[in-house]
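Each remark here refers to the structure printed beneath this line.
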Amino acid sequence: MFEDKEEKGREEIIDYALKLSRAGLNVNSSGNLSVRFDSPEGKGFLITPTGLPYDETEPAVESRQPSSEWNLHAFLYQTRPDINAVVHTHSPYATMLSCLDEAIPPFHYMVAAVGGDTLPCAPYATFGSVALAEGCRDTLGKDRLGCLLSHHGSVAAGRNLKQAYAVALEIESLARMWMNLKQIGGCPLIDKEEMARVKEQFKTYGQQEKGHEEG
């Protein structure tokens with residue numbers, strides 16, 4: 001029974017890794033994703049291997065080195081019991097904004113779908129480092145589901161991979177729109193009070209098991 005559950009978790013990770021590639025959010029072996037998974041040995045998580053293209057990744061248990069960003073995933077699971085899946089991407093628009101060290105401001109109400117009135121950018125740190133993991137953890141805080149990583153990319157989280165994937169798509173969509181708006185001088189922003197109301201609305205909006213997708 002335990003082995004079947006682990007196999008299913010591994011297959012789900014590969015499935016969503018390939019979806020990320022097809023959606024253009026990751027290229028080759030860039031980025032990584034994980035799901036919380038408790039084994040007989042204790043609490044832990046399953047994560048994509050390092051440096052292996054997603055279309056070459058197999059679910060079979062093998063001696064593979066985990067993603068170099070395993071600290072980032074571990075820190076989020078340790079501090080956020082509501083998070084059961086983490087997706088890290090190098091998606092084009094989110095990465096371009098991260099290279100500007102800029103937060104995505106409240107230009108659209110869907111920014112609140114990621115958990116705050118802005119979509120912040122975590123401070124720069126070397127990839128794979130504890131400092132990067134700490135910065136991401138602190139930037140997400142208690143309720144955000146995503147952020148940018150300075151000069152690096154973005155991180156999305158959720159109660160499952162379906163939601164984390166949806167948040168990753170939302171971050172890239174918001175980043176693309178904001179980058180385009182910046183080309184024409186930006187736009188008026190939604191005030192904090194309204195963003196707080198929108199954030200509250202998202203707590204009970206739609207079919208919650210489907211994540212933050214609008215429809």
Side-chain angles (χ1 to χ4, degrees), residues 6 9-39 41-80 83-101 119-141 144-158 160-161 163-165 167-169 171-172 175:
E6 181 177 7
R10 291 171 178 271
E11 290 175 352
E12 185 181 31
I13 285 178
I14 294 172
D15 180 42
Y16 276 95
L18 293 173
K19 284 184 179 182
L20 288 167
S21 293
R22 289 192 292 268
L25 271 65
N26 278 328
V27 177
N28 296 322
S29 62
S30 67
N32 37 77
L33 58 162
S34 69
V35 291
R36 190 190 293 272
F37 187 78
D38 296 341
S39 71
E41 288 75 33
K43 297 182 180 298
F45 57 95
L46 300 173
I47 190 169
T48 47
T50 186
L52 186 66
Y54 296 133
D55 59 2
E56 296 179 17
T57 304
E58 298 291 338
V61 178
E62 298 178 1
S63 179
R64 300 279 191 189
Q65 291 294 318
S67 167
S68 59
E69 299 292 5
W70 68 268
N71 274 313
L72 185 153
H73 297 252
F75 277 43
L76 293 181
Y77 291 133
Q78 288 168 1
T79 57
R80 290 282 298 275
I83 288 175
N84 294 310
V86 176
V87 170
H88 165 46
T89 79
H90 293 177
S91 56
Y93 286 94
T95 300
M96 282 190 284
L97 272 181
S98 81
C99 291
L100 297 174
D101 278 325
L119 206 162
C121 185
Y124 179 78
T126 305
F127 80 93
S129 67
V130 169
L132 179 67
E134 291 174 335
C136 179
R137 176 200 62 197
D138 295 346
T139 301
L140 260 61
R144 278 191 169 92
L145 293 178
C147 69
L148 305 180
L149 300 175
S150 177
H151 295 264
H152 192 148
S154 69
V155 169
N160 51 40
L161 271 175
Q163 186 186 24
Y165 173 73
V167 172
L169 290 175
I171 290 172
E172 180 65 359

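All values derive from a computational prediction rather than experimental measurement.
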Task: Pair S150, D101: side-chain N/O donor-acceptor within cut-off below 3.5 Å - done: yes
- [ ] May I have the step-by-step check of side-chain contact (heavy atoms from CB on, under 4.5 Å) for N84 and V35, ending in yes or no?
- [x] CA-CA 6 Å; N84 294 310; V35 291; over 6 Å; no
- [ ] Decide yes or no for L72 and R137: does some side-chain heavy atom of the first lie under 4.5 Å from some side-chain heavy atom of the second?
- [x] no
Open item on the list: Using every non-hydrogen atom in the two residues, find where A164 and G158 come nearest and quote the distance to one decimal.
Closed with: CB-N, 3.8 Å
- [ ] Please tell me if the side chains of L132 and L149 come closer than 4.5 Å, counting only heavy atoms from C-beta onward.
- [x] yes
Open item on the list: Could you tell me if H88 and N26 have a donor-acceptor pair between their side chains, going purely by distance under 3.5 Å?
Closed with: no
Task: Side chains of H90 and V27 in contact at under 4.5 Å (non-hydrogen atoms) - done: no
Open item on the list: Quick check: closest heavy atoms across P120 and G146, and the distance to 0.1 Å?
Closed with: CD-O, 4.3 Å
Task: Sub-4.5 Å side-chain heavy-atom contact between S68 and F127 - done: yes
TODO: Give a yes-or-no answer on whether the side chains of Y77 and S34 include a donor-acceptor pair shorter than 3.5 Å.
DONE: yes
Task: Set of residues satisfying side chain to side chain contact (heavy atoms under 4.5 Å, CB included) with respect to D138, sequence neighbours excluded - done: none
- [ ] For residues S98 and S154, determine if any side-chain heavy atom of one lies less than 4.5 Å from a side-chain heavy atom of the other.
- [x] no
TODO: Apply the test side-chain contact (heavy atoms from CB on, under 4.5 Å) to residues R80 and L145: give CA-CA distance (whole Å), side-chain angles for both, the deciding distance (0.1 Å), then the verdict.
DONE: CA-CA 10 Å; R80 290 282 298 275; L145 293 178; 3.9 Å; yes
Task: K19 and D15: CA distance, side-chain angles, deciding distance, side-chain contact (heavy atoms from CB on, under 4.5 Å) verdict - done: CA-CA 6 Å; K19 284 184 179 182; D15 180 42; 3.8 Å; yes
Task: Side chain proximity check, V130 to F75, heavy atoms < 4.5 angstrom - done: yes
Open item on the list: If we ignore hydrogens and angles and just use 3.5 Å, is the side chain of T48 paired with the main-chain N or O of N32 as donor and acceptor?
Closed with: no
Open item on the list: Contact between N160 and R36 at the side-chain level, heavy atoms closer than 4.5 Å - yes or no?
Closed with: no
Task: 4.5 Å side-chain heavy-atom contact, V155 and V86 - done: yes
Task: side-chain contact (heavy atoms from CB on, under 4.5 Å) assessment of T89 paired with E172 - done: CA-CA 9 Å; T89 79; E172 180 65 359; 5.9 Å; no
Task: Where C121 and T139 come nearest, the two heavy atoms and their spacing - done: C-CG2, 4.4 Å
Task: Shortest non-hydrogen contact from I171 toward A156 - done: CD1-CB, 4.2 Å
- [ ] Answer yes or no: is there a donor N or O on one side and an acceptor on the other, between the side chain of T95 and the main chain of S91, under 3.5 Å?
- [x] yes
TODO: Verify the ring-centre separation between F45 and F37: is it less than 6.0 angstrom?
DONE: no
